[in-house]
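Encoded as structure tokens, the structure appears first; notes follow it.
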There are 2 protein chains.
Amino acid sequence: MTEKEFLKKLGKKIAQHRKASNKTLVDVCAVIDMEKTNLSAIENGRQNATSLTLKKIADAIGVEVAEFFK
Amino acid sequence: MTEKEFLKKLGKKIAQHRKASNKTLVDVCAVIDMEKTNLSAIENGRQNATSLTLKKIADAIGVEVAEFFK
DNA sequence: GGCGTGGTTATGATATATCATAACTTAATT
DNA sequence: AATTAAGTTATGATATATCATAACCACGCC
């Protein structure tokens, strides 16, 4: 798997869990004080989030970070 | 849990899995072409690795990234 | 003692994650 | 048609992850 593919897959997982939690991208960003441009880029695999960013997102949507990597 | 605590915990997990795989910090860095200063900082919670860095480390020691977050 | 290996810490350079803002599309709604 | 909300994309600024290198400590070994 290429790095691009990995990031795309990770982003899809995040978006999937976010939608399952019935929160919009804007909702999540409001909670964690993040720009929606960033979260959009992460969910679309255009950006390589840090572990702390993943943690904040996971907390905001009520899942474990580990879920994003399964 | 504070951000510092989170990073420390994550780093400990990484170090733990690395040692379980019987690889030194130097070994892993050689495989993934990373500076040992970086991996040391990550394992000690002084640095906030990106998802791709975590993926490379996980691959090098033969575990899933998800393991680092359990 | 001296030497090599694993690991830590410090410093300066470069790459990139995130911030801040704006413009835009699409879809839903009134 | 106009408006509103969600999401995308672009741009420039700032913060920080990583690179590159050096110095250092602790340990086992010769």
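Chain letters run A, B, ... following the sequence lines, proteins first and then strands; every chain starts at 1.
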Under a 4.0 Å heavy-atom criterion, the protein footprint on nucleotides 25-30 of chain D, written with B, S and -, is ------
Here the pair of heavy atoms bringing Leu52(B) nearest to Phe6(A) is CD2-CD2, 3.4 Å
Report task. List the steps and the verdict of salt bridge (Lys or Arg N to Asp or Glu O under 4.0 Å) for Lys70(A) and Glu67(A). Result -> CA-CA 5 Å; Lys70(A) 287 178 183 168; Glu67(A) 292 297 320; 3.1 Å; yes
query = How about Ser40(B) and Gln47(B): do any of their side-chain heavy atoms sit closer than 4.5 Å?
reply = no
Taken to the nearest 0.5 Å, the spacing of Arg46(A) CZ from Asn38(A) CG works out to 10.0 Å
Note: Leu25(B) and Arg18(B) closest approach over all heavy atoms is N-NH1, 3.2 Å
Under a 4.0 Å heavy-atom cutoff, the residues of residues 60-70 of chain B touching DNA chain C are none
Scoring nucleotides 13-25 of chain C by protein non-hydrogen atoms under 4.0 Å (B base, S sugar-phosphate only, - none) yields ----SBBBBB---
- request: Could you check if a side-chain atom of Val63(A) sits within less than 4.5 angstrom of a side-chain atom of Phe68(A), using non-hydrogen atoms only?
  value: yes
Rounded to 10°, the angle between the first-five-pair and last-five-pair axes of the helix from dG1(C)-dC30(D) to dT30(C)-dA1(D) is 30°
Taking every heavy atom of Ala58(A) against every heavy atom of Glu64(A), the minimum-distance pair comes out as CB-C, 4.1 Å
d(Lys23(B) NZ, His17(B) NE2) to nearest 0.5 Å is 13.5 Å
Residues in residues 14-31 of chain A with a heavy atom under 4.0 Å of DNA chain D, by number, are Arg18(A), Thr24(A), Leu25(A), Val26(A)
note: Glu43(A), atom CD; dT9(D), atom P; distance rounded to Å ~ 12 Å
Value for CG (Leu7(A)) from CD1 (Ile42(A)), rounded to nearest 0.5 Å, stands at 10.0 Å
Taking only distance into account, with no hydrogens and no angle test, what donor-acceptor pairs under 3.5 Å do side-chain atoms of residues 28-36 of chain B form with protein atoms, sequence neighbours excluded?
none

Heavy-atom nearest pair, Ala66(B) first then Phe69(A), reads N-CB, 3.8 Å
Between the CG atom in Asn48(B) and the OG1 atom in Thr53(A), the distance rounded to the nearest 0.5 Å is 6.5 Å
Value for CG (Leu10(A)) from CD (Glu3(A)), rounded to nearest 0.5 Å, stands at 12.5 Å
Item to complete: Show your reasoning for whether side chain to side chain contact (heavy atoms under 4.5 Å, CB included) applies to Ile14(A) and Leu54(A).
Response: CA-CA 9 Å; Ile14(A) 295 171; Leu54(A) 294 175; 3.8 Å; yes
Value for NZ (Lys8(A)) from NZ (Lys4(A)), rounded to nearest 0.5 Å, stands at 8.5 Å
